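Values in this document were obtained by computation on a predicted structure and should not be read as measured data.
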Amino acid sequence: MSEIRVRFAPSPTGNLHIGGARTALFNWLFARHNNGKMVLRVDDTDLERSTGESMKAIIDGLNWLGIDWDEGPIYQSKRLDEYRKYAKKLIDEGKAYYCFCSKEELDEMRNIAQKEGKPPMYTGKCRNLTREEVSKYLDEGKKPVVRLKVPMEGKTVVHDIIRGDVEFDNATFDDFIIMKSDDMPTYNFATVVDDYELKITHIIRGEEHLSNTPKQILMYEALGFDIPKFAHVSMILAPDRSKLSKRHGATSVQEFRDLGYLPEAIINYITLLGWIPEDGEEIFNTSKSIKEFTLERVSKNPAIYDTKKLTWLNGIYIREYDIDRLTKEVIPFLIKNGLISDDYDYNYIKKIVNAVRGREKTLAEIADAMSYYFIDEFDYDEKGVKKHFEKDGVADILKKAVEALNDVSNFNVIETEEVYRNLIVKLNITSGALFHPTRLAISGRTFGPGLFDIMELLGKEKTIERIKKAIKYIEENIKSK
């Protein structure tokens with residue numbers, strides 16, 4: 001079998017979205033599984049909408065996800081002479097022709113067809129123009145399009161690895177355009193020429209391209225090219241099974257990165273959008289998916305986009321991530337939130353990250369959960385105030401806590417917990433009566449890492465200072481009610 005060659009061919013008209021990322025990933029997994037090659041091709045013949053900024057965002061997104069390629073990027077906009085060469089070949093062989101029909105003539109054809117209850121198709125008016133007529137129109141300065149002569153009868157069959165055979169009646173196609181009047185290729189024509197010249201063996205793409213495939217097959221046949229194998233991956237739908245859009249939340253790789261998701265979690269999740277390992281496990285790394293990935297096991301059913309599941313997965317990865325890598329990922333979020341400056345204490349931050357990561361599901365949540373370690377001015381949780389600060393005698397309990405903590409010489413988890421346990425016995429109170437108001441006093445929150453972990457990381461001076469501040473708050477705001 002010849003070398004497996006696939007391609008990812010984005011149009012640089014926006015960011016890398018989940019659907020595009022999955023297409024790139026499935027091509028990458030297939031290539032790596034078969035020791036093949038993946039080519040990055042840029043479909044940028046739409047010069048008005050294509051931008052360098054978008055292409056940079058797509059490449060940045062692929063790099064961040066860890067999806068690499070073996071050849072490219074290859075830009076279609078730099079290959080225009082190739083498309084013109086093959087278009088001329090088809091014209092010379094009588095398989096394509098110049099069409100000089102004006103917009104008004106085309107509109108009239110459509111109107112007549114619709115009145116007769118027929119599809120609004122091109123009638124083939126210019127199909128049989130003589131060479132003399134073509135030369136005359138060209139000499140007059142008319143700008144033609146080039147159309148492929150499509151068989152009027154028979155069927156074109158797409159042999160799809162995922163969907164099986166899909167038949168299309170040739171009578172439903174008109175002689176479609178392969179070169180526009182501005183001498184630019186259409187998408188279908190350019191992609192066929194490129195896939196041939198790049199020796200692409202398998203085309204893996206979204207099912208929205210399935211309707212383009214018979215037209216491309218007709219072009220392969222007209223050009224005398226071998227037809228590659230096709231695999232059209234199912235659509236990604238929103239939870240309500242509607243078309244995915246921005247109203248369903250973040251949909252681009254850049255958005256997820258900015259929200260604090262990890263690339264490994266994104267890769268794991270989008271792999272599951274149409275494929276699952278043989279053992280049914282939902283948490284796995286790329287080594288496993290490369291080893292097991294086959295197109296035959298890709299589902300033909302629509303994949304449902306579920307950010308809750310992605311967030312759950314991300315939380316698992318956060319808990320299992322190497323602590324140094326995780327800390328480096330969190331630091332930009334701390335800087336963005338104004339919690340640290342460039343002269344931060346890395347080891348201190350690392351300890352806090354390790355303490356808080358057990359409950360949080362994104363890097364942004366970790367940064368938020370760390371805020372009270374860096375700022376002293378924070379609000380107390382309202383429900384926490386009602387539940388813990390409004391209890392009778394809580395200020396006196398906290399005063400006893402301050403006295404006990406003042407006597408601690410080695411302010412660590414073991415010593416502070418022992419002092420608190422002894423105080424609970426001495427005051428004959430429940431542990432919650434002391435622990436809960438202390439946590440609220442020093443963090444403003446009712447949940448988080450272990451209480452004594454927080455105390456150790458804050459240090460003796462700051463812990464006592466915050467408890468005293470809470471006592472003042474209680475005496476000034478609670479008892480007066």
Hydrogens and angles aside, do Y83 and D194 bring a side-chain donor and acceptor to less than 3.5 Å of each other? yes
For a 4.5 angstrom cut-off between non-hydrogen side-chain atoms, does I162 reach V233? yes
F176 six-ring face occupied by K215 cation (under 6.0 Å, within 45°): yes
Exam field: side chain T23 to backbone G19, donor-acceptor pair closer than 3.5 Å: yes
Closest approach of I4 and H202, non-hydrogen atoms and distance? CD1-CE1, 3.3 Å
In terms of side-chain geometry, is the basic nitrogen of E264 or R325 positioned less than 4.0 Å from the acidic oxygen of its partner? yes
Does E329 reach the main-chain N or O of L262 with its side chain, forming a donor-acceptor pair under 3.5 Å? no
Around E53, counting heavy atoms of other residues, nucleotides and ligands shown, do more than 12 lie under 6.0 Å from its CD? no
Check this for me: F378, atom CZ, are more than 12 non-hydrogen atoms of other residues, nucleotides or ligands nearer than 6.0 Å? yes
Full working for side-chain hydrogen bond (donor to acceptor under 3.5 Å, both in side chains) between Y317 and N268: CA-CA 10 Å; Y317 274 88; N268 191 155; 2.7 Å; yes
SB check K399 E475 (cutoff 4.0 Å): yes
Can you confirm whether more than 12 heavy atoms, excluding those of N428, are under 6.0 Å from its CG atom? no
Is a side-chain N or O of R41 found less than 3.5 angstrom from the main chain of P73, in a donor-acceptor match? no
Atom CD1 in I204, atom CG in N27: separation rounded to 0.5 Å? 4.0 Å
Please say whether more than 12 non-hydrogen atoms of neighbouring residues, nucleotides or ligands are located less than 6.0 Å from CG in L47. yes
Applying side-chain contact (heavy atoms from CB on, under 4.5 Å), run through T51 and K56 and close with a yes or a no. CA-CA 9 Å; T51 67; K56 181 180 184 303; over 6 Å; no
Least distance between heavy atoms, M55 atom then V42 atom: SD-CG1, 3.5 Å
Do T438 and Y420 get their side chains close enough for a donor-acceptor pair, meaning under 3.5 Å? yes
Sidechain N-carboxylate O distance under 4.0 Å for K351, D453: no
Would you give the length of the straight line joining atom OH of Y373 to atom CD1 of I349, rounded to the nearest 0.5 angstrom? 13.0 Å
Start with the C-alpha gap between R49 and S54, add the side-chain angles, then the distance that decides, and say whether side-chain hydrogen bond (donor to acceptor under 3.5 Å, both in side chains) holds. CA-CA 10 Å; R49 297 178 62 223; S54 291; over 6 Å; no
In this structure, are over 12 heavy atoms from other groups packed under 6.0 Å from K387 atom NZ? no
Under the ring pair (Phe, Tyr, Trp, His ring centres under 6.0 Å) test against Y261, which residue among Y321, F256, W64 passes? F256
In this structure, are over 12 heavy atoms from other groups packed under 6.0 Å from E296 atom CD? yes
I'd like to know if R357 pairs up with E365 as an ion pair, taking the criterion as any Lys NZ or Arg NE/NH1/NH2 lying under 4.0 Å from an Asp or Glu carboxylate oxygen. no
Backbone N/O of E418 and side chain of N422: donor-acceptor pair under 3.5 Å: yes
Ring-ring centroid check F293 W275, cutoff 6.0 Å: yes
Considering only NZ, NE, NH1 and NH2 on the basic side and carboxylate oxygens on the acidic side, decide whether K37 and E71 come within less than 4.0 Å. no
Under 3.5 Å: donor-acceptor pair, side chain of R32, backbone of K291: no
Quiz item: cation-pi between K288 and F284, 6.0 Å / 45°: no
Any sub-3.5 Å donor-acceptor pair from S234's side-chain atoms to K300's backbone N or O? no
If you round to the nearest 0.5 Å, how far is CD of E403 from CG of D407? 8.5 Å
Please indicate whether D392 has more than 12 foreign heavy atoms, meaning atoms of other residues, nucleotides or ligands, lying under 6.0 Å from its CG. no
Would you check if the side chain of Y269 reaches a backbone N or O of D306 as a donor-acceptor pair within less than 3.5 Å? yes
State plainly whether the residues D324 and K328 are in salt-bridge range, i.e. N to O under 4.0 Å. no
Heavy atoms only: give me the nearest F8-P10 pair and the separation to one decimal. O-CD, 3.4 Å
Any Lys/Arg nitrogen of D381 or R445 sitting under 4.0 Å from an Asp/Glu carboxylate oxygen of the other? no
If you take all heavy atoms of D44 and S77, which pair is closest and at what distance? OD2-OG, 2.6 Å
When you check the gap from the basic side-chain N to the acidic O, do R79 and D81 get nearer than 4.0 Å? no
Return the orientation label for the F374 and Y348 ring planes: parallel under 30°, perpendicular over 60°, tilted otherwise. perpendicular
So that I can tick it off, tell me whether R421 and E417 are bridged by a salt bridge, with the cut-off set at under 4.0 angstrom between side-chain N and carboxylate O. yes
Examine the side chains of D43 and Q76 and answer whether a donor and an acceptor come within less than 3.5 Å of each other. yes
Should we count NZ of K462 as having more than 12 external heavy atoms under 6.0 Å? yes
Could you tell me whether a side-chain N or O of N15 sits under 3.5 Å from a main-chain N or O of H17, the two making a donor and an acceptor? no
For the residue pair R22 / T271, report whether a side-chain donor-acceptor contact shorter than 3.5 Å exists. no
Stepwise, does the side-chain hydrogen bond (donor to acceptor under 3.5 Å, both in side chains) test hold for N188 with T186? CA-CA 6 Å; N188 281 324; T186 59; 5.7 Å; no
Check whether any side-chain N or O of Q254 sits under 3.5 Å from a backbone N or O of A57 as a donor-acceptor pair, and report yes or no. yes
If you look at every heavy atom in I18 and Y305, which pair is closest and at what distance? CG1-CE1, 4.0 Å
Between OG1 of T311 and CG of L259, what distance do you get to the nearest 0.5 Å? 9.0 Å
Which is it for L295 and F30 under the side-chain contact (heavy atoms from CB on, under 4.5 Å) test, yes or no, and what are the steps along the way? CA-CA 8 Å; L295 292 172; F30 185 72; 3.7 Å; yes
Compute the ring centroids of Y473 and Y380, then answer whether they are less than 6.0 Å apart. yes
side-chain contact (heavy atoms from CB on, under 4.5 Å) partners for R205, two or more places apart: R7, Y187, I203, H209, T213, Q216, F230, H232
What is the distance from atom CZ of F333 to atom CG of L339, rounded to the nearest 0.5 Å? 12.5 Å
Distance in Å, I442 CD1 paired with T463 OG1, rounded so as to fall on 0.5 Å steps: 5.5 Å
